[in-house]
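A quick write-up on the structure given underneath.
Residue numbers start from 1 in every chain, and the chains themselves are labelled A, B, ... in the order their sequence lines are given, proteins ahead of strands. Not measured: the values here are computed from a predicted model.
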Protein chains: 2
Amino acid sequence: MTTRRRRSPRGSGEQLREEIIDAAMGLLEECADAEAVSIRAVAESVGITPPAIYLHFTDKDGLLDAVCGRYFEGLDSALGAAQAAHDHPLDQALAMGRAYVRFALDHPAVYRFAFGHTGVDPTPMVDEALRTAAFVRLAGAVTDLVGLGWYPDPASPAEGVAVEVQMALEMWTVAHGVASLMIAKPDLPWGEDLRVAESVMRATCLGRGLLPMVGEHARGPEVQRFVRELRGGDADRAQ
Amino acid sequence: MTTRRRRSPRGSGEQLREEIIDAAMGLLEECADAEAVSIRAVAESVGITPPAIYLHFTDKDGLLDAVCGRYFEGLDSALGAAQAAHDHPLDQALAMGRAYVRFALDHPAVYRFAFGHTGVDPTPMVDEALRTAAFVRLAGAVTDLVGLGWYPDPASPAEGVAVEVQMALEMWTVAHGVASLMIAKPDLPWGEDLRVAESVMRATCLGRGLLPMVGEHARGPEVQRFVRELRGGDADRAQ
DNA sequence: TGTACATCAGTGAACGCGCGTTCACTGATGTAC
DNA sequence: TGTACATCAGTGAACGCGCGTTCACTGATGTAC
């Protein structure tokens, strides 16, 4: 049992609420297991009694939702910083991918928890995904790329889904794959830092642009220009 | 309570063991939640009493390990069939990627459970991964591709890890990303069947080969040959 | 073929535990006069 | 400035529950004679 905390003054209920979220997030990371995060453990960690939690959250799910919300806020903030550090949308997209993986690795247990439930929720997941600021941010950079002609519309657009949404989804998939597998299997030969992430994201960006481009007739110079541009700013882009 | 089952004859303890694994796997898929799989629920599903489980497994973890083992057996078998259906190692790699995603989507809860724990286990994970037949199979196809000159050794080999291991790891990452995110967010605009998986895996194969190839000097015809070959057998490769 | 017996797969009841949540309460904080 | 009082953030004790696991047991199965 930690020391008893001073009672909050009248108007500042919000502060304890934040402390509870902090504690829950800390326990989740510490134990690396969502089942170990109990109302009792969170309360003890904050220095209050279990029932006090219910003054700030309707139930345990409410608390865990808040933890996820906190994570996504931080994620969007990290992606925003990564985006702001670059001008070209390709650099922005790659930087956001790196930031995404890095942020996930910094909060592995929360990340696993946030993506460890099926999407059969009350809230439809499409809306949730679109409302997720992080995904919108990524899709924005990809849209800019399409606008620059890097990713021409495919010959056969699939099911009326915009090409930039498809591509943002694929980039998200790749970043998620790296983050998720690095968390699940940290002892695989990942090499130093984000080497694999960098390589696979770059390969996807390159290959994804080339696939439709060479579909009907292989346009040599165009392919080479594309490749040169993608490879051009390596030194600047490497973080 | 289901009907009481006939007692197994003397030598056939193995059969009930398999039935218990089946039941646990079924419950896991049904509830889509590992916490819902209790010893009691499994026992009731099989038609035995809880203590009988302990005649076949040391404890609950032992049972869940066996469930994962069953999954990985099936996965390797599915990948084997996919591989056997093609001659060219690139076709084999892509087919195995598709089979990986398809098999994961067929057992979403088990997949999530198998990848939902950190690798800080007694068994070192590198060994486990290398012993995993499925990964060895994929790495084999990639090794064949390297042998055919599709993926030349990089100018700067990273940390002494063989290029084919790096590439197999990246392909695994991509397939895992698709499977994992499709399971976690089924309502995203994935399109029909494995469209996104097909696209992103193909893009990775293409871009991954091009990245080192154009590193020092952009070799035009070589790039085009590569691209043509990759795109050549579309009709044959589409499942 | 018939009977006594050893084996051991599975049972029934119970254990201790930690959990999420409730409810009547307490007592420090801030306010009205 | 001093006092009585309302508010409400947090407490303490308890609830019912389902869990993993144990242990002495039962009784069908197979075997020895």
Side-chain angles (χ1 to χ4, degrees), chain A residues 1-28 30-68 109 113 117, chain B residues 1-28 30-68 109 113 117:
Chain A
M1 168 106 53
T2 58
T3 60
R4 174 70 57 80
R5 44 174 287 127
R6 285 185 60 84
R7 174 185 174 150
S8 297
R10 203 58 75 88
S12 63
E14 197 62 20
Q15 182 194 332
L16 179 53
R17 190 190 140 91
E18 296 303 305
E19 278 183 56
I20 293 171
I21 298 177
D22 282 343
M25 213 160 170
L27 277 172
L28 188 50
E30 200 173 305
C31 311
D33 183 9
E35 301 185 40
V37 179
S38 66
I39 291 284
R40 284 168 153 88
V42 172
E44 186 185 357
S45 167
V46 177
I48 55 177
T49 58
I53 303 246
Y54 293 88
L55 295 172
H56 301 273
F57 303 92
T58 62
D59 56 10
K60 194 186 179 186
D61 280 344
L63 170 54
L64 291 175
D65 279 356
V67 170
C68 288
F113 176 77
H117 298 101
Chain B
M1 170 103 57
T2 58
T3 61
R4 175 70 56 81
R5 42 174 288 127
R6 285 186 60 85
R7 172 185 176 151
S8 296
R10 202 57 74 87
S12 62
E14 197 63 20
Q15 182 194 332
L16 179 52
R17 190 190 141 91
E18 296 304 305
E19 278 183 55
I20 293 171
I21 297 177
D22 282 343
M25 211 159 171
L27 277 171
L28 188 52
E30 200 173 306
C31 311
D33 183 8
E35 301 185 39
V37 179
S38 65
I39 292 284
R40 285 168 153 88
V42 172
E44 185 185 358
S45 167
V46 177
I48 56 178
T49 59
I53 305 246
Y54 292 88
L55 296 172
H56 302 273
F57 302 93
T58 62
D59 55 10
K60 195 187 178 184
D61 279 345
L63 170 56
L64 291 176
D65 279 356
V67 169
C68 288
F113 176 77
H117 298 100

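Comparing D/dT21, C/dT11, D/dG10 by their closest approach to the side chain of B/K60 singles out D/dT21. Of the candidate nucleotides C/dA14, C/dT22, D/dG10, C/dA14 has the atom lying nearest to any side-chain atom of B/R40. When distances are taken from the side chain of B/L16 to each of C/dG10, C/dT11, D/dG10, the shortest belongs to C/dG10. Looking at the side chain of A/L55, the nearest of the listed nucleotides C/dC23, D/dG20, D/dA9 is D/dA9. Comparing C/dG10, D/dT21, D/dA13 by their nearest atom to the side chain of B/A52 picks out C/dG10.
Rounded to whole Å, the distance from CD on B/E35 to C1' on C/dG20 is 13 Å. Taking atom CZ on A/R17 and atom C1' on D/dG10, their separation rounds to 17 Å, with Å as the unit. Rounding to whole angstrom units, CG of residue A/L64 and P of C/dC19 are separated by 14 Å. In this entry the distance linking CD1 of A/I39 with P of D/dG12 reads 18 Å, nearest Å.
Between B/H56 and the phosphate of C/dG10, there is a side-chain N or O to OP1/OP2 separation shorter than 4.0 Å. Between A/S38 and the phosphate of C/dC19, there is a side-chain N or O to OP1/OP2 separation shorter than 4.0 Å.
Applying the Watson-Crick and G-U wobble criteria (two distances, each under 3.5 Å), C/dT7 pairs with D/dA28. Remark: D/dG16 base-pairs with C/dC19. Criterion, Watson-Crick or G-U wobble with two distances under 3.5 Å. The base-pairing partner of D/dT1, taking Watson-Crick or G-U wobble contacts with both distances under 3.5 Å, does not exist among the strands shown.
Residues A/F57 and A/A66 come closest through the heavy atom pair CE2-CB, 3.7 Å. Contact detail for B/V67 and B/A24: the closest heavy-atom pair is CG2-CB, 3.8 Å.
Taking 4.5 Å as the limit, every side-chain heavy atom of A/I53 sits out of range of all side-chain heavy atoms of A/V46.
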